[in-house]
Amino acid sequence: MSCIFCDIVDGKSGAEIIYEDENVLSFLDIRPVNYGHTLVIPKNHYENFISVPTKEMDAVIKATQNISDAVSKSLKTDGFNIVANNGTAAGQSVFHFHFHIIPRYNTDKFNFRPELKNYGSVSMKEFADKIRNAVIK
Ligand code: 5GP
Ligand code: ZN
């Protein structure tokens, strides 16, 4: 199975590497929302947020926190978004799990806010019950 992010991990494809450790690789997104848009991935191939083992996810989250701080300070951002798209419906295009760190500025002419629904015609409790019953304890 071919995966562009695995190719970057293996050095078969180039990238502007920001950070690397035993479990994690971070590099600039080739098509940035804003300049400095950075991706953080587990080195091992896992498809999505749910499938990354806890130990590796801990390392990815720790690195994402560290790199977000570096992005914010070095680029003097006004804020940043941490985004993880999971599944085609959610906009995922590379099926090797990654966090996006997107630098944000007060002058940005875009936002990520869709039109919001209201609970009303459907029961909020019904949705809560479905999810609660599926949570593994
Ligand atoms: P997704 O759409 O899966 O949430 O995010 C995948 C991201 O990977 C996109 O923002 C896309 O620009 C980036 N990307 C795709 N191919 C490459 C590549 O070859 N190199 C780098 N650096 N980024 C890539
Ligand atoms: Zn991969």
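Atoms within each ligand, like the ligands themselves, are counted from 1 in listed order.
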- Under 3.5 Å, N or O to N or O, is Q92 touching ligand 1 that way? no
NZ (K62) and CG (N23) are apart, to the nearest 0.5 Å, by 10.5 Å
min-distance protein heavy atom vs atom 15 (C) of ligand 1 -> V94 CG2, 4.0 Å
Open item on the list: Could you check whether H98 and H96 have their ring centres less than 6.0 Å apart?
Closed with: no
ask   = Short N/O distance, under 3.5 Å, between H100 and ligand 1?
value = yes
Correct closest heavy-atom pair for I67 and I101 would be CG2-CD1, 3.7 Å
heavy-atom search around atom 10 (O) of ligand 1 in the protein gives D29 OD2, 2.4 Å
Exercise. Salt bridge or not for D58 and K55, using N-O below 4.0 Å?
Worked result: no
Original post:
Would you say the ring centroid of F5 lies under 6.0 angstrom from that of F27?
Top reply: yes
Check your understanding: Do other residues, nucleotides or ligands put more than 12 heavy atoms under 6.0 Å from the OH atom of Y105?
Key -> yes
Checking heavy atoms under 4.0 Å, the part of S93 that sits near ligand 1 is both
Could a heavy atom of F5 be found less than 4.0 Å from some atom of ligand 1?
-> yes
Legend entry - Side-chain donor/acceptor of N86 to backbone N/O of F49, under 3.5 Å: yes
Does ligand 1 have an atom that lies less than 4.0 angstrom from a heavy atom of H98?
yes
Answer key: the N, O or S atom of H96 nearest to the Zn ion (ligand 2) is ND1
Minimal heavy-atom distance between I4 and S13, with the atoms involved, is CD1-OG, 3.6 Å
Between ligand 1 and G91, is the shortest N or O to N or O distance under 3.5 Å? yes
Honestly, for F27 the part within reach of ligand 1 (heavy atoms, under 4.0 Å) is side chain
Note to self: Ring centroids only, cut at 6.0 angstrom: are F110 and F112 within range, meaning strictly under it?
What the structure shows: yes
Checking heavy atoms under 4.0 Å, the part of E16 that sits near ligand 1 is neither
Restricting to heavy atoms, the pick from T88, I4, I30 nearest atom 14 (N) of ligand 1 would be I30
Original post:
Under a 4.0 Å N-O cut-off, is there an ion pair linking K43 with E22?
Top reply: no
Under a heavy-atom criterion of less than 4.0 Å, does L39 contact ligand 1? yes
The atom of H45 among N, O or S that is nearest the Zn ion (ligand 2) is ND1
protein heavy-atom neighbour closest to atom 22 (N) of ligand 1 works out as L28 O, 2.9 Å
